[in-house]
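As the structure is a prediction and not an experimental result, all values here were calculated from the model.
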Amino acid sequence: MNGLRWSLIVGALGVLAVIMALMAPLRADAAASTLGAAAAQSGRYFGTAISAGRLGDSQYTTIASREFNMVTAENEMKIDATEPNRGQFNFTNGDRVYNWAVQNGKRVRGHTLAWHGQQPGWMQSLSGSSLRQAMIDHINGVMSHYKGKIYAWDVVNEAFADGNSGGRRDSNLQRTGNDWIEVAFRTARAADPAAKLCYNDYNIDNWTWAKTQGVYNMVRDFKQRGVPIDCVGLQSHFNGNSPYNSNYRTTISSFAALGVDVQITELDIQGGSPQTYAAVTNDCLAVPRCAGITVWGVRDQDSWLGAGASPLLFNGGNKKPAYDAVLNALNAANPGPTPTVTPTPPGDNGQIKGVASGRCLDVPNASTTDGTQVQLWDCNGQSNQQWSSTSAGEIKVYGNKCLDAAGTGNGTKVQIYGCWGGDNQKWRVNSDGSIVGVQSGRCLDAVGTGTANGTQIQLYDCSGGGNQKWTWTGRS
């Protein structure tokens, strides 16, 4: 082989080596190697509960620091820990968890402000207006200490009864008056406007259960009346008495359709099934407003259920099959979530276009008659397809006719009607592309998943289908 040819081959191999070296990191980076990093690819978090008493365990802190990007104090921010004596606050252990989290680059969820459990003796001895004031003072005291530092607070915890009533739990807080939850949320909003405010509970994972429906109805009522609530926390302690159900995704999407985030706050699965862990993760990933997942402990030995229940993702320092199932699901998620609908600013006009159909929300024959049901039609830019939003949540056409729901049930026709300010004429435009009636909690829906000209528009339970997703464009 002559020298020139050899030089050319060597040179080519050198270029190829450089190309391969550049390509290799790109392949490695395509899949994140930790839970927090993998969740962040889709704009979510993956967190864990941290106990101050375990921060001296190097195996524990190594795993927690490496894997998670959100922290919840397991017990250190609860009522008995933060206000052991009335008016005397103690944040020593809460701050230990908070400081460890921040020093390790993590955000923090606050847990919990108002709860019938883990009350100190002095609070248990109160009732009526004295207890109500103590609750308000406690919320103000704790939130003031952490103001501007906490991503989300579980403002109220476990206020609904188990069983088939769908009603409130009988507790000393409930006996101060049925408005106690609303008061807690209003107090919390004033105390720290930057924090997301969550209602948190267990056994509200199965959509068919009365307890789930009770909480759903409360959240819907709060949103309709302007009570400040930003998120619902599903504890999701899955076991033989409360197993994972395939309607879990329906639960997440239904709460999200009310205009709140959903956070899976205390996940553990008795037996540690990889398939169930993957299903829970995929259900969250399927709903843009599912903000993230927190597992309730780092290792099986740290679980409140005991190591024998095998409920978490690590056994000692070892990753379990469930860990791989979760990581793979997170890495398979699409990047995002990014809003697919941007509400037109109040007063501006634009077309509302169906994602599945590519056709526009249209008033048939440019009618101005009250009660005319709207439909899908080829976009043409005419006045009967130009919709404007108002700060009150109305969606108007012609300037004086509102998008109006003729009722609240599935199949209710969506029509135009003279604007009068009712909740059946108010809508929430969500980041997942859905447009949800304030009064009904149901989605703007193209009948029968239709896409053709003339397909009528109705209310229907939110399902996440393309016939319930819309984009709001500028004037054509």
Side-chain angles (χ1 to χ4, degrees), residues 45 47-56 61 64 68-126 130-159 172-173 176 180-200 227-231 233 261 263 265-266 291-292 294 296:
Y45 65 82
T48 190
I50 289 291
S51 169
R54 292 189 171 92
L55 290 177
T61 54
F68 305 104
N69 59 356
M70 183 72 74
V71 160
T72 304
E74 190 167 355
N75 289 291
E76 292 79 357
M77 293 185 187
K78 291 176 179 174
I79 307 167
D80 56 353
T82 53
E83 196 178 1
N85 299 295
R86 187 169 189 179
Q88 296 179 352
F89 290 89
N90 185 338
F91 298 107
T92 301
N93 284 325
D95 286 351
R96 283 191 67 197
V97 174
Y98 175 83
N99 291 333
W100 180 88
V102 171
Q103 289 162 9
N104 286 274
K106 304 173 194 320
R107 292 184 294 168
V108 179
R109 296 189 75 260
H111 176 78
T112 178
L113 297 170
W115 185 29
H116 69 276
Q118 290 185 234
Q119 293 180 0
W122 68 264
M123 183 173 278
Q124 295 176 38
S125 70
L126 299 178
S130 295
L131 177 58
R132 174 68 64 88
Q133 189 60 50
M135 178 193 76
I136 292 169
D137 293 343
H138 180 79
I139 293 171
N140 283 324
V142 175
M143 293 190 76
S144 174
H145 179 77
Y146 291 108
K147 187 173 182 178
K149 299 178 178 180
I150 300 294
Y151 162 71
W153 274 104
D154 292 330
V155 178
V156 173
N157 197 47
E158 300 175 358
N172 59 351
L173 290 168
T176 69
W180 75 275
I181 300 178
E182 177 176 343
V183 169
F185 275 89
R186 292 192 185 279
T187 302
R189 175 66 86 224
D192 187 355
K196 288 184 177 290
L197 308 181
C198 305
Y199 175 80
N200 190 55
V227 179
I229 183 169
D230 304 307
C231 42
D261 290 345
Q263 299 176 17
T265 55
E266 304 182 25
T294 295
W296 205 242

Practice item. With sequence neighbours left out, write down each residue that passes salt bridge (Lys or Arg N to Asp or Glu O under 4.0 Å) with D80, or none if nothing qualifies. Key: none
Revision key, fill the gap. On a heavy-atom basis, the closest approach of A191 and M143 is CB-CB, 3.8 Å
Study note, to complete from the structure: To the nearest 0.5 Å, atom CG of N172 lies from atom CD of Q119 at 4.0 Å
Review point. Side chain to side chain contact (heavy atoms under 4.5 Å, CB included) with N93: which residues, sequence neighbours excluded?
Key: A52, E76, R96
Practice item. Give the minimum heavy-atom separation between W296 and A49, together with the two atoms involved. Key: CE3-CB, 3.4 Å
Exercise for review: Hey, could you give me the CD1/OG1 distance between I139 and T112, rounded to the nearest 0.5 Å?
Suggested key: 9.0 Å
Check your understanding: So do the side chains of V183 and I136 get within less than 4.5 Å of each other, counting heavy atoms only?
Key -> yes
Review point. Ignoring hydrogens and geometry, is there a side-chain-to-backbone donor-acceptor pair from S125 to W122 under 3.5 Å?
Key: yes
Review point. Can you tell me how far the CD atom of E266 sits from the CG atom of N200, to the nearest 0.5 Å?
Key: 5.0 Å
Check your understanding: Looking at the rings of F91 and Y146, which for Trp means the six-membered one, are their centres under 6.0 Å apart?
Key -> yes
Check your understanding: Any side-chain heavy atom of M123 within less than 4.5 Å of one from S130?
Key -> no
Point to revise | For K106, salt bridge (Lys or Arg N to Asp or Glu O under 4.0 Å) partners two or more places apart | key: none
Exercise for review: Please name the pair of heavy atoms, one in I181 and one in A159, separated by the smallest distance, quoted to 0.1 Å.
Suggested key: CD1-CB, 3.6 Å
Practice item. Measure the shortest side-chain to side-chain distance between D95 and H145 over non-hydrogen atoms and say whether it is less than 4.5 angstrom. Key: yes
Study note, to complete from the structure: d(W180 CH2, M135 CE) to nearest 0.5 Å is 7.0 Å
Revision key, fill the gap. Of all heavy-atom pairs linking L131 and L173, the shortest is CD2-N, 3.9 Å
**Study point:** By salt bridge (Lys or Arg N to Asp or Glu O under 4.0 Å) - contacts of E74 (at least two apart)
**Key:** none
Check your understanding: Could you give the distance from OG1 (T294) to CG (N69), rounded to the nearest 0.5 Å?
Key -> 9.0 Å
Check your understanding: Given the rule in the side-chain contact (heavy atoms from CB on, under 4.5 Å) test, do T187 and N140 qualify, once you have shown the distances and angles that lead to the verdict?
Key -> CA-CA 7 Å; T187 302; N140 283 324; 3.5 Å; yes
Check your understanding: Which pair of heavy atoms, one from Q263 and one from C198, lies closest together, and at what distance?
Key -> NE2-SG, 3.8 Å
Check your understanding: So which heavy atom on I79 is nearest to which on W115, and how close?
Key -> CD1-O, 3.6 Å
Under 3.5 Å, sequence neighbours excluded: what are the donor-acceptor pairs made by side chains of residues 148-156?
residue: D154; atom: OD1; partner: R109; partner atom: NH2; Å: 2.7
residue: D154; atom: OD2; partner: R109; partner atom: NH1; Å: 3.2
residue: D154; atom: OD2; partner: H111; partner atom: ND1; Å: 2.8

Study note, to complete from the structure: Residues passing the ring-ring contact (aromatic ring centres under 6.0 Å, His included) test with H116, sequence neighbours excluded, are none
Exercise for review: Verify, without hydrogens or angle tests, whether R189 (side chain) and P228 (backbone) share a donor-acceptor contact under 3.5 angstrom.
Suggested key: no
Exercise for review: Evaluate side-chain contact (heavy atoms from CB on, under 4.5 Å) for V142 paired with L113, printing each intermediate quantity in order.
Suggested key: CA-CA 8 Å; V142 175; L113 297 170; 3.8 Å; yes
Revision key, fill the gap. Interatomic distance, CD@Q103 vs OH@Y98, rounded to 0.5 Å, equals 10.0 Å
